[in-house]
Structures are given as C-alpha cells and as structure tokens.
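In what follows, a structure is listed as structure tokens, so that the remarks can point back to it.
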Amino acid sequence: MHNTAILFLEFGAVVLGLGILGALALRVGISPIPLYLIAGLAFGTGGILPLATSEEFTATGAELGVILLLLTLGLEYNADELMTSLKGNARAGLVDLVLNAAPGAILALLLGWGPVAAVAMAGVTYATSSGITAKVLSDLGWIGNRETPVVLSLLVFEDLTMAVYLPVLTAMLAGLSMVAGAVTVAIALAAVSVVLLVALRFGRYIEAFVASPNSEVLVLKVVGLALLVAGLAQQLQVSAAVGAFLVGIALSGELAEDAQALLAPLRDLFAAVFFVFFGLQTDPTKILPAAGLAAGLALVTMITKLMTGIYAARRAGIARAGRVRAGIALIPRGEFNIVIAGLAVAAGAHPDLGALAAAYVLILAAFGPLAARLVQPLLTRVASRA
C-alpha cells in the first residue's frame, strides 16, 4: 500500500510537471520535447531527485507512448499510399543507410573500438526516431504536407532494415556462427513479411472486426489490436512500433478518422511519458566527458540526414521548402539508438560506447524538434530564394 502511494505521488508529480512544461513551451513557441527530456534527466540516475518507485511503471508508459504515436501516424495513410511510397523511395532508403550508418562505423574504427562496436555505432547513427519525428509532424501540422509520405516511407524503410540489422548485431555480439545468425535473420524477415501481407491484403477484414458505433468499444478494439500486433512483432525481433504502424495503415476512411480523434489525448499523455523516460535512462554525469565527440558526430549526421531528406523529396518532385522540411524531420534520434547502444554495452563491445551514444542521442533528440520549430523557417526562406 505504501509503495502504491509513492507510485501515485511520483507519477502524478511527473505528469503535472509535464503539463506545466508543456504550457511554458506553448507560451514561448517551441516544441515541448526538449523540456520533457531535461525533466527526465533531472529525475533519473545521477539527477537532482531520482525516482525511486515509479521508474518501471514509467518505462511501460513510455513503450505505450511509442506504440500510440506510430499507430495514430499509420491511421493517416492507407496501404496503397504506403506501398507506392516505399517503391518510389527504395533508392532513397539505400542512400539513407549509406550516408547515416557510415559516420558511426567510421568513428568507432578510428577510435580503435573494433568491428563489432563499429557495426553497433552504425546503427546508432543510422536510425531516425520514429516516435519523435511523429510527434514533430503532428505538433507542427506537417501531417498533410506533400513531403510527409516521403518521410514516412524512409522511416518504414529504416524500421524494416532494423528487422535485419538487429538479429545480425545480436549474433555478432553473442559470437554466434554464420548459420545461427542467418536463421535469426530469416525468422525476422518472415515475421515482417507476414505482418505486411496481413495489413496490406486483409485490411478490409480488420476494419470490419474493429468497427463499432460505440466510441468506448472502438478505442478498446483499436488499442488492443495494436498492442497485440506490437507484442507479436517484438517477440519475433521486429520493431513493436512497426507492428502498431501497420495496424494503423490497415484501417482507413471514416473509421480511421474516428479512431484518431479518440486516441489523440491518450497518445499525447503517453508520448510525453516516453520523452521523460528517455531522459531517465541517461546519467548526466556520464554525458559530459563524451559531449565534445558526440556533438561533432551529431553535426555530421544532421548534415547527412538533411541531405537524405532533400534527395528523397527531390526525387518525389517536392518543392524546395518541402525538401528542407523532410530533411529536418529526419534529424531526431531516440528509442532505437539507445536500444542498440544498450545491447552493445551489455555484451561488452566497448566501455565508452554507451556514454558516447547517450550524449549523441540526447543532443539530436533535443535539437531535432528545435530545428523543426526554429531553423526550418529560415532554411525554407533560403531554399525558396535559391
């Protein structure tokens, strides 16, 4: 009973604090995400007032936040739009992979960390944060822009690449044989194929199952289905976020609009919890020694992501301003990057990898939304004049 009371006190204080920070961000005219991250640093390990009881509960809420963000993002688009965008942006996806995985791998090799750590750092610098990007697109009203399907196709391409990358990295970290690693990758690919097939070919049956005139029943069905598919995807070494996104893709029309309106407050609550938990996982005392190297790496990969977005949007026939917005939307790093670094550190890839990755991700998780809000108008004016 005592622990429950402390849980309510801690979590209630965190949520109320987030509301105050959100109001402050609205007044100043910036994204609240950096403020949420700083709040997480303050309440995490090494912070001024670490949470004692509610961290595990917050971790679960953070996972829900990512799932709901990607679910509602998927509700904006249908299966045909996804497949058309994926086919049209496959080349851009490969450019994204090369440009943004290379800096992390090269840095690890230059530091003498070895090939396994290089593969891990390649993943840290490659993957954009789907959760943060989804929040930025929603907050700034970019969901309906012409470049947004391009951004989403690149995010999906990255997540599908992660379905292959994570089993390979895990096998390398564990020292498994080529055969065992190949089996793991095959299982992940098969899982992705099944989820895609069900979402794209049998969407009308899913809609018929989920549809209800009662808003309570509709929310329960949509969230329950998204969590089931996300859990199944995670169990098969595929991103839970991809599973939730595909559930959203499978629903369309008026049903998707109703579900999105009902889920918006729930999504915003748990999305804020996700950003706080991201900060909770980071020890500020370990960030400072790696801050200089992380800032240099962040600068390089901000440029490569900007180049990626501009290239992909230009191929899709988007105007200059849209190309800049696409590049900026791809800058944030977050959940995947920390997971990759955590796997590498736990396996003993290199003791300094975790601190560098944490500092790097924190910089881009904070700067990405700020860039979208503050830098984008300036870049858009420059691009338009050019």
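Numbering of residues begins at 1 and proceeds along the displayed sequence.
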Would you say Val219 and Val229 are hydrophobically clustered, going by side-chain heavy atoms of ILVMFWY under 4.5 Å?
yes

Would Leu266 and Leu251 show up in the same hydrophobic cluster when neighbours are defined by side-chain heavy atoms closer than 4.5 Å?
yes

How long is the span from the CG atom in Asp96 to the CG atom in Leu330, to the nearest 0.5 Å?
6.5 Å

Please examine the side chains of Arg267 and Ser138, heavy atoms only from C-beta on, and report whether any two atoms are closer than 4.5 Å.
yes

So, for Arg333 and Val361, which heavy atoms are closest and what is the spacing to 0.1 Å?
O-CG1, 3.7 Å

Is the shortest side-chain heavy-atom distance between Val247 and Leu228 below 4.5 Å?
no

Sub-3.5 Å donor-acceptor pair from the side chain of Thr133 to the main-chain atoms of Ala329, do we have one?
yes

Examine Val223 and Phe209 and state if one hydrophobic cluster contains both, with Ile, Leu, Val, Met, Phe, Trp and Tyr joined whenever side-chain heavy atoms are less than 4.5 Å apart.
yes

Distance col, row Tyr360:OH vs Leu299:CG, nearest 0.5 angstrom, shows 10.5 Å

For Ala259 and Val222, work out which heavy atoms get closest and say how close.
CB-CG2, 4.2 Å

Does Leu262 share a hydrophobic cluster with Leu75, counting links as ILVMFWY side-chain heavy atoms below 4.5 Å and allowing steps through other members?
yes

Identify the two heavy atoms, one from Leu64 and one from Phe270, that lie closest to each other, and give their separation to 0.1 Å.
CD1-CE2, 4.0 Å

For the atom pair CG (Leu16) and CG (Leu21), what is the distance rounded to the nearest 0.5 Å?
9.5 Å

What verdict does the side chain to side chain contact (heavy atoms under 4.5 Å, CB included) test give for Leu255 and Leu218, after you've listed the backbone C-alpha separation in whole Å, the side-chain angles of each residue and the deciding distance to 0.1 Å?
CA-CA 9 Å; Leu255 174 63; Leu218 179 60; 3.4 Å; yes

So do Leu99 and Tyr126 actually touch side chain to side chain, heavy atoms under 4.5 Å?
no

Quick one, Thr128 and Val151 - any side-chain contact, counting heavy atoms below 4.5 Å?
no

Restricting to non-hydrogen atoms, name the atom on Ile310 and the atom on Arg323 that form the minimum distance, rounded to 0.1 Å.
CG1-O, 3.6 Å

Beyond-backbone contact of Leu111 with Leu293, side-chain heavy atoms, under 4.5 angstrom:
yes

Drop me the distance from Ile132's CD1 to Leu137's CG, to the nearest 0.5 angstrom.
12.0 Å

State the OH-CG distance between Tyr311 and Leu154, to the nearest 0.5 angstrom.
11.0 Å

Under 3.5 Å, side chain of Asn214 to main-chain N/O of Glu216, donor-acceptor pair present?
yes

Is the side chain of Thr304 donor-acceptor paired with the backbone N or O of Asn100 at a distance under 3.5 Å, no angle test?
no

Indicate yes or no: does Glu158 engage Lys305 in a salt bridge with an N to O separation below 4.0 Å.
yes

Interatomic distance, CD1@Ile206 vs NZ@Lys221, rounded to 0.5 Å, equals 13.0 Å

Worked check of side chain to side chain contact (heavy atoms under 4.5 Å, CB included) between Val14 and Leu18:
CA-CA 6 Å; Val14 168; Leu18 292 177; 4.2 Å; yes

Hydrophobic cluster membership, with links at side-chain heavy-atom distances under 4.5 Å among I/L/V/M/F/W/Y: are Ile318 and Ile328 in one?
no

Does any part of the side chain of Leu297, heavy atoms only, come nearer than 4.5 Å to the side chain of Pro103, both counted from C-beta?
yes

Looking at every heavy atom in both Gly104 and Thr125, which two are closest together, and how far apart are they?
N-OG1, 3.3 Å

Side-chain heavy-atom pair Tyr36, Val273 within 4.5 angstrom cut-off:
no

Minimal heavy-atom distance between Val124 and Ala357, with the atoms involved, is CG1-CB, 4.1 Å

